[in-house]
Amino acid sequence: MDSFIGRDPFQSAISQLLSMPDEFESSSNPHARAYMRDAKAMGKTCVNVKELPDSYVFVADMPGLKCEDIKVQVENDNVLTIGGERKREEVTDQTKYLRMERPSGKFLRKFTLPSNAKMDGILAACNDGVLTVTVPKIPPPEPHKPKTIEVKVG
């Protein structure tokens with residue numbers, strides 16, 4: 001899961017997994033293959049996170065995806081999940097690819113939201129292949145002002 005500040009050690013581990021050869025992945029046991037597939041899915045999607053005075057904004061590139069292929073959820077009351085699937089083009093017998101570089105498959109990113117995130121006000125919009133998720137902040141409480149009590153002559 002990503003945090004807002006600095007490079008997460010988990011993200012470093014994912015980067016290492018992404019660089020492993022596919023032969024290793026195919027020779028692993030089924031549980032290891034599933035874990036590596038999920039780790040690769042998490043590493044495929046780049047997300048910028050910025051903090052504004054009244055919100056947190058997550059911006060992710062989603063080229064070629066329809067809005068209905070993207071899923072934005074909140075898990076465990078504080079984990080923002082951005083995921084979906086980019087489907088591979090159908091291949092016919094008459095199609096011969098000379099090069100296939102466009103990624104396909106599932107993708108997933110998770111972010112732990114801070115305690116001042118307002119969960120019921122989250123908005124997500126996709127425009128021109130860019131997903132923007134806005135998480136409003138709960139406004140800080142007003143500073144406590146002391147109550148002045150009038151002293152009367154007794």
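The basis for the numbers below is simple: all heavy atoms, side chains too, and nothing from hydrogens, waters or symmetry mates.
Listed here is the closest heavy atom pair of S55 and P136: CB-CA, 3.9 Å. Taking all atoms of both residues into account, the shortest heavy-atom contact from V47 to A60 is CG2-CB, 3.8 Å. The two residues A124 and V72 come nearest to each other via the heavy atoms CB-CG2, 4.2 Å.
Looking at residues two or more places apart in sequence or on another chain, you find a side-chain contact (heavy atoms from CB on, under 4.5 Å) between P63 and D61, R86. Every residue two or more places apart in sequence or in another chain that forms a side-chain contact (heavy atoms from CB on, under 4.5 Å) with K71 is listed here: Q73. The side-chain hydrogen bond (donor to acceptor under 3.5 Å, both in side chains) check on N116 picks up Y56, with sequence neighbours excluded. The salt bridge (Lys or Arg N to Asp or Glu O under 4.0 Å) search around E142 returns none, not counting sequence neighbours. Residues passing the side-chain contact (heavy atoms from CB on, under 4.5 Å) test with Q94, sequence neighbours excluded: T92.
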*Kindly indicate, with the supporting measurements, whether the criterion side-chain contact (heavy atoms from CB on, under 4.5 Å) is fulfilled by L65 and F107.*
CA-CA 12 Å; L65 287 178; F107 59 90; 3.5 Å; yes

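Atom OG1 of T81 and atom CG of L108 lie 6.0 Å apart (nearest 0.5 Å). If you take CG on N78 and CE on M119, they are separated by 6.0 Å, rounding to the nearest 0.5 Å.
Considering only heavy atoms from C-beta on, D69 stays 4.5 Å or farther from M62 through its side chain. F58 places none of its side-chain heavy atoms less than 4.5 Å from the side chain of I122.
Pairs of residues two or more places apart, or lying in two chains, that qualify as salt bridge (charged side-chain N to carboxylate O under 4.0 Å, His left out) and include a residue from residues 74-83 are E75-K110. Pairs of residues two or more places apart, or lying in two chains, that qualify as side chain to side chain donor-acceptor pair (under 3.5 Å) and include a residue from residues 122-137 are E51-K137.
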Solution key, residues 144-154 side-chain donor-acceptor pairs under 3.5 Å, sequence neighbours excluded:
none

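Residue L52 shares its hydrophobic cluster (ILVMFWY side chains chained together at separations under 4.5 Å) with V57, V59, V130.
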